[in-house]
Structure formats: structure tokens, C-alpha cells
Amino acid sequence: MSITSPHLGSSSTWTDARLLYALEEVVETELSRHLKIAKDWMPHEYVPWSDARNFPGLFEDGEAWEKEQSKVTEIGRIALVVNLLTEDNLPSYHHEIASLFGRDGAWGTWVHRWTAEEGRHGIVMRDYLLASRAVDPDKLEAFRMAHMSEGFESDNRHSMLHSVAYVAFQELATRISHRNTGHQSGDPVCDRMLARIATDENLHMVFYRNLLKAAFELAPDLTMQAVRDVVVNFRMPGHGIPGFERAAAQMAIGEVYNMRIHHDDVLQPVLRFLKIMEIDGLGPEGQKAQEELGLFMGGLDAEALKFDEKLAARKARMAARKSA
């Protein structure tokens with residue numbers, strides 16, 4: 001079955017301001033749905049405070065951090081730091097989306113609600129890491145200062161449609177990264193905490209995904225081009241973290257987040273929901289973007305297969321060494 005997208009105006013007639021106004025009613029609907037199903041939760045209830053003790057500094061009984069003090073695995077430790085530092089840049093994210101979407105009406109209410117919910121994620125993760133002594137607190141703070149001092153500028157800040165498309169995928173990517181980090185952490189307490197965060201991220205994804213669907217009904221050609229651009233050039237917001245490339249490689253091998261996960265668990269679910277390849281009635285630019293998106297996804301799947309094979313071979317070598 002094909003989906004016909006009516007042209008409600010040429011590409012040149014759609015500005016960010018017009019789209020913001022046209023989508024306001026959808027934002028109101030999605031905000032109302034979100035507030036009905038989102039459950040408030042207390043960050044302090046997910047932190048193992050009884051494991052906490054003083055660090056050196058103002059306290060004479062301070063105990064220096066050592067890796068062996070925590071049950072968190074090495075890959076869990078790496079991923080937790082990346083995930084937290086990504087959340088730490090919330091002030092920059094808020095500034096960007098507030099500038100794009102505005103601070104008034106339903107858009108503004110959503111921006112502030114989203115910021116408040118995301119703020120909880122950084123709070124609970126930092127408290128967990130320090131109370132459980134999962135990471136070196138001095139290095140964590142040094143990383144935070146270095147990362148936040150650089151600031152953050154989205155690759156998609158030039159366009160409201162590109163920004164909506166990006167966060168539809170990015171929120172799901174964040175959910176998957178948190179959930180897999182919990183599974184690989186080796187600590188049930190950490191797993192429960194990150195599952196709670198992942199639930200929030202999934203709701204955020206649904207909000208933006210539904211908004212993106214409405215954008216396709218209004219401006220199909222422009223929206224298709226935005227989705228194509230975002231998918232082809234996708235980068236996680238934590239790419240500016242010190243040592244990110246090395247950490248990302250370790251997370252890929254550790255099956256927290258890699259090419260196969262990105263293709264199967266992040267891009268494909270959103271594209272299937274939107275029925276991207278079934279949308280009909282596009283103009284020349286929209287058709288071109290649709291075709292290029294299909295070609296890219298096919299190429300990404302092929303690259304993911306190569307990664308799968310390398311990862312399987314690596315696991316086989318490690319298993320052979322253990323049994324030798």
C-alpha cells in the first residue's frame with residue numbers, strides 16, 4: 001500500500017516560522033499525550049547511598065578512588081561516562097531547541113518539560129557514579145569541564161525540520177545506548193537506573209517521531225530531504241567528548257552501540273513507522289532524497305554485516321585463548 005502525501009505548498013513557501021505555526025496543534029496533542037503517560041520518579045530512589053563514602057579533600061577520612069571498589073564492568077564504566085557527559089550538556093541543548101522552537105505556547109511548554117525530564121537523567125547518573133565509586137571522580141570532573149567549556153552546536157541548528165528529524169532518531173539512539181549500558185554494566189542497580197532513564201527517552205522519541213510524521217503530511221518533499229540529510233550525516237551529541245572516538249570504538253566492540261545496533265534498532269524502527277519508502281506523490285527533490293535514503297540504508301546494512309563478521313571472529317579468538 002502506498003501513502004500519498006498531498007502537496008500543501010511548494011518547498012519555497014515553507015519557512016521555519018510557518019512550519020512551527022502549522023505544527024503547533026500537533027505539539028499540543030503530543031504534549032497532552034506525553035503528560036498523561038509520563039510518570040514522575042525520584043532520582044534519589046535509584047542511588048545506592050549506603051555504598052557511598054567520603055573522597056579525599058575536606059574530609060580527613062576520605063578514601064582515594066580505586067577501580068576495584070566498584071562492581072561495574074570496564075565497558076560499563078566507559079559507556080556510563082560517555083552517557084553522563086552527553087547529558088551534562090543539557091544547557092546547550094536547551095538553548096538550541098528553545099531558540100529553534102521558541103519559549104511560548106505548546107512548543108515552549110514542551111521545551112521546558114523536556115529539559116526538566118532530561119535534567120533528572122544527569123542527576124541520577126552522576127549520583128550513582130559517585131556513590132557506587134564506579135569512576136574516578138577527579139577525571140570525571142575534568143572531562144565535564146573540558147566538554148562543557150567547548151559548548152555544543154548541533155549539525156542541524158540551521159533548520160527546524162532537520163532538528164525534529166534528528167531528535168526523532170537521537171532520542172531512540174540514546175534510549176538504546178542507556179539500555180545496553182545497563183545490560184553490560186554488571187550491576188543490577190545500574191541496570192534498573194538506566195532502564196528508568198531509557199523509558200523517558202523512549203517517550204521523547206515518540207513525541208518527535210509523531211511530530212515528524214505530521215511534518216511529512218504538511219511538507220513531504222522538505223521533510224524527506226531533512227530525513228535523508230540527518231540519517232546520512234548522523235552523529236551522536238557526545239561526539240565532542242574528550243576521547244570520544246576511542247570510547248565509541250570500545251562501546252561498539254562491547255555491543256553497547258555499534259553500526260548494527262544503529263541500523264537495526266535506531267534507524268529502521270523510525271523509518272518503518274513513517275513508511276518512508278512507501279510515500280508517494282513526491283516532487284523531484286523529494287523522490288531523489290527518498291532514493292538516496294534507500295541506497296544509504298542498503299550500504300549501511302552491508303557495512304554492518306562486515307562489522308558483525310569481524311566482531312564474531314574477535315569473540316571466537318578470545319574464546320579460543322580462554323580455553324587454551
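Just so you know, these numbers use all the heavy atoms, side chains as well, and skip hydrogens, waters and symmetry mates.
For Arg77 (side chain) and Ala134 (main-chain N/O), a donor-acceptor pair under 3.5 Å exists by modelled atom type. Judged by distance alone, with hydrogens and angles left aside, the side-chain atoms of Gln287 form a donor-acceptor pair with the main-chain N or O of Leu282 at under 3.5 Å. For Asn54 (side chain) and Gly62 (main-chain N/O), no donor-acceptor pair under 3.5 Å exists by modelled atom type. In terms of modelled atom types and a separation under 3.5 Å, the side chain of Thr223 and the main chain of Ala215 share a donor-acceptor contact. The backbone N or O of Val82 lies less than 3.5 Å from a partner atom in the side chain of Thr86, making a donor-acceptor pair. Between the side chain of Trp65 and the backbone N or O of Phe55, no donor-acceptor pair lies under 3.5 Å. With hydrogens and angles disregarded, a donor-acceptor distance shorter than 3.5 Å links the side chain of Ser185 to the backbone of Gly182. Judged purely by atom type and a 3.5 angstrom limit, Gln184 has no side-chain atom pairing as donor or acceptor with the backbone of Thr73. A donor-acceptor pair is defined here as one N or O able to donate and one able to accept, closer than 3.5 Å; no such pair exists between the side chain of Glu118 and the backbone of Glu87.
Taking the charged nitrogens against the carboxylate oxygens, Asp88 and Arg144 have no contact shorter than 4.0 Å, which rules out a salt bridge. A salt bridge links Glu303 to Lys306: one of the charged nitrogens lies within less than 4.0 Å of a carboxylate oxygen. Salt-bridge check for Lys67 with Glu74: passed, with a basic side-chain N closer than 4.0 Å to an acidic carboxylate O. With respect to Lys288 and Glu285, no salt bridge is recorded, no charged nitrogen being found less than 4.0 Å from a carboxylate O. The pair Arg175-Glu171 does not meet the salt-bridge criterion, since no charged nitrogen lies less than 4.0 angstrom from a carboxylate oxygen. Arg260 and Asp301 are joined by a salt bridge, as a carboxylate oxygen and a charged side-chain nitrogen come within less than 4.0 angstrom of each other. Of the charged side-chain nitrogens involved, at least one lies within less than 4.0 Å of a carboxylate oxygen, so that Arg120 and Asp40 count as a salt-bridged pair. Taking the charged nitrogens against the carboxylate oxygens, Arg196 and Glu45 have no contact shorter than 4.0 Å, which rules out a salt bridge.
His178 contributes atom NE2, which lies 11.0 Å from atom CD1 of Ile176 (distance to the nearest 0.5 angstrom). Between the CD1 atom in Ile261 and the CZ atom in Phe307 there is a gap of 8.0 Å [rounded to 0.5 Å]. The distance from the NE2 atom of His158 to the OG atom of Ser163 is 7.5 Å, given to the nearest 0.5 Å. With rounding to the nearest 0.5 angstrom, the CZ atom of Phe207 is 8.5 Å from the NE2 atom of His34. Rounding to the nearest 0.5 Å places NE2 of His262 at 3.5 Å from CG of Leu267.
The nearest pair of heavy atoms linking Glu24 to Ala106 is OE2-N, 2.9 Å. Of all non-hydrogen atoms in Val206 and Arg33, the two that sit nearest each other are CG1-NH2, 3.6 Å. Here the shortest heavy-atom pairing between Gln225 and Gly286 reads NE2-N, 4.5 Å.
For the ring pair (Phe, Tyr, Trp, His ring centres under 6.0 Å) with Tyr208, the lone residue among Trp110, Tyr166, Trp114, Phe169 that qualifies is Trp110.
Taking the centre of each ring, Trp49 and His44 stay at or above the 6.0 Å mark.
Figure legend: cation-pi geometry between Arg53 and Phe59 absent, as NZ or CZ is not positioned both under 6.0 Å from the six-membered ring centre and within 45° of its axis.
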Could you please spell out the steps behind the side-chain hydrogen bond (donor to acceptor under 3.5 Å, both in side chains) verdict for Ser159 and Asp16?
CA-CA 7 Å; Ser159 159; Asp16 275 6; 4.6 Å; no

